[in-house]
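Model, not experiment: these values are computed from the prediction. We name chains A, B, ... by the order of the sequence lines, and we start the count at 1 in each one.
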2 protein chains.
Amino acid sequence: MDVKTLTLGVLCLGEASGYEIKKRFEDAFQHFFAAGFGSIYPALKKAEEEGLVTCTEVPQEGRPDKKVYRITAAGRAAFAAELAATSPEHKVRSEFLVLIYFAHLLPPARLAEVLEERQRGFEEMRRMVEGCDVECPEAGELTPALRFVAGYATAVFGAAIDYIDAHKGELVDAIKEGSSR
Amino acid sequence: MDVKTLTLGVLCLGEASGYEIKKRFEDAFQHFFAAGFGSIYPALKKAEEEGLVTCTEVPQEGRPDKKVYRITAAGRAAFAAELAATSPEHKVRSEFLVLIYFAHLLPPARLAEVLEERQRGFEEMRRMVEGCDVECPEAGELTPALRFVAGYATAVFGAAIDYIDAHKGELVDAIKEGSSR
DNA sequence: CAAAGCATGTAATCGGTTACATGATTGT
DNA sequence: ACAATCATGTAACCGATTACATGCTTTG
């Protein structure tokens with residue numbers, strides 16, 4: 001699945017500009033599907049060429065015109081078809097775990113930093129996911145699907161945080177001993 | 001961090017051929033850093049050109065010669081420097097969570113399949129990570145770092161599996177109701 | 001006064017995946 | 001017989017990141 005497809009997904013939920021889609025990616029998908037302007041704008045352009053979305057330019061003062069995109073029937077169908085065909089992959093690319101795997105080649109002080117930095121990162125992620133719950137009470141109750149995703153993320157980040165917290169001291173001590181010997 | 005760098009890391013642990021490095025990636029890094037032949041072989045070639053590894057061709061019968069790579073002092077230094085400079089990122093790209101997020105656009109039967117498929121995937125991963133413990137008793141005790149990585153993965157996969165198991169019925173039921181209404 | 005937010009885009013580059021190309025041996 | 005394992009590589013392609021380019025408004 002590429003950025004163009006998920007962009008279609010966002011537009012299924014309502015019209016939006018490229019900038020707004022980027023924000024959606026940040027506060028809803030960030031923890032499982034990141035994307036920057038450099039992939040969103042070209043994706044929107046291509047989707048428009050293919051008739052999957054339409055675009056209305058809204059004049060703005062002191063800014064470039066806002067381009068509001070709306071999904072078409074063809075776009076909706078394309079997104080549904082893509083969803084039906086994608087298998088539930090789940091890939092992780094973790095420099096953090098590489099660093100731990102080769103901890104013996106890291107200065108012990110740096111190792112401790114690495115562990116705390118990642119722990120803070122996970123804590124921030126968890127806060128954000130839980131915040132999602134609180135942020136949108138106006139839209140009525142969270143749908144079951146959204147609750148599932150948020151609950152999943154909370155559980156997984158929680159497990160990661162707890163594990164790091166419970167074992168970091170032990171690891172750092174062992175590496176310190178190893179490097180002084 | 002790219003494949004070339006992690007390849008250097010593997011060679012820090014002992015000499016190996018491209019094929020053997022690929023196996024290492026599969027049974028040690030798979031859950032946090034995947035790589036295929038198409039990135040490993042060119043990485044090795046480039047590392048050799050840069051003097052980070054040396055290569056000895058070992059004649060084989062009925063197969064292409066085996067090319068055994070060994071890391072050089074420069075290679076070791078380059079790897080250590082790279083490690084010291086990399087920040088502990090941790091990125092997830094999950095088609096699975098996208099599928100759940102848009103569960104309302106999926107046939108309920110497919111949703112149930114998706115949940116079970118991913119659960120099985122995580123269970124397999126967890127088994128593999130735990131197996132790591134059992135597979136290499138000859139190399140003496142697992143180092144603290146290796147234990148940390150295995151323990152982390154076990155905890156996180158466990159949390160994911162438990163969460164899916166506890167909430168999949170609820171989700172599927174809710175989506176079924178939504179689509180019949 | 002500086003930083004963050006609003007708003008759009010392009011081009012170069014980079015890294016990785018996939019498919020192709022070859023072929024013997026061993027296990028089911 | 002067929003699949004898997006051993007063993008190496010290349011080339012085309014694809015998608016994403018990064019840097020560049022511009023510039024006003026709001027908030028701290």
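- In this structure, B:D65 atom CG and C:dT22 atom C1' are separated by 14 Å, rounded to whole Å.
- If you check D:dA7, C:dG16, D:dT17 against the side chain of A:S39, the one that comes closest is D:dT17.
- Rounded to whole Å, the distance from CD1 on A:I40 to P on D:dT17 is 9 Å.
- D:dA7 atom P lies 14 Å from atom NZ of B:K67, rounded to whole Å.
- A:E113 meets the side chain to side chain contact (heavy atoms under 4.5 Å, CB included) test with A:R110; sequence neighbours excluded.
- Looking at which nucleotide of DNA chain D each of B:G38 and A:M1 is closest to, the 5′-most match is held by B:G38.
- Mapped onto DNA chain C by nearest heavy atom, B:F37 and B:K46 fall at different nucleotides, with B:K46 at the one closer to the 5' end.
- Open room surrounds NZ on A:K91; 12 or fewer heavy atoms of other groups in view lie less than 6.0 Å from it.
- Per the geometry, OH belonging to B:Y19 stands 13 Å off C1' belonging to C:dA24, to the nearest Å.
- Atom pair A:R63:CZ and D:dA21:P shows a separation of 23 Å (rounding to whole Å applied).
- The shortest side-chain heavy-atom distance between B:I175 and A:F148 does not fall under the 4.5 Å cut-off.
- C:dA7 atom P lies 12 Å from atom CD of A:E61, rounded to whole Å.
- Here the side chain of A:K66 is nearest to one of C:dG16, D:dC6, C:dT8, namely C:dT8.
- Within the cation-pi definition used here (under 6.0 Å to the ring centroid, within 45° of the axis), A:R93 qualifies as a partner of B:F33.
- One can place CG of B:D2 at 18 Å from P of C:dT13, the figure rounded to the nearest angstrom.
- Phosphate contact (OP1/OP2 of C:dT10, side-chain N/O of A:K45, threshold under 4.0 Å): present.
- Nucleotides of DNA chain D nearest to B:Y69 and A:V3 differ in position, and the one nearer the 5' end is that of B:Y69.
- Among the protein residues, A:Q60 comes within range of the sugar-phosphate backbone only, with heavy atoms under 4.0 Å from sugar or phosphate atoms but none that close to a base.
- In the set C:dG16, D:dT10, D:dA16, the nucleotide with an atom closest to the side chain of B:R93 is D:dA16.
- Applying the 6.0 Å contact sphere to CD of B:E124 captures no more than 12 heavy atoms from other residues, nucleotides or ligands.
- Rounded to a whole Å, the OH atom of B:Y41 is 9 Å from the C1' atom of D:dC6.
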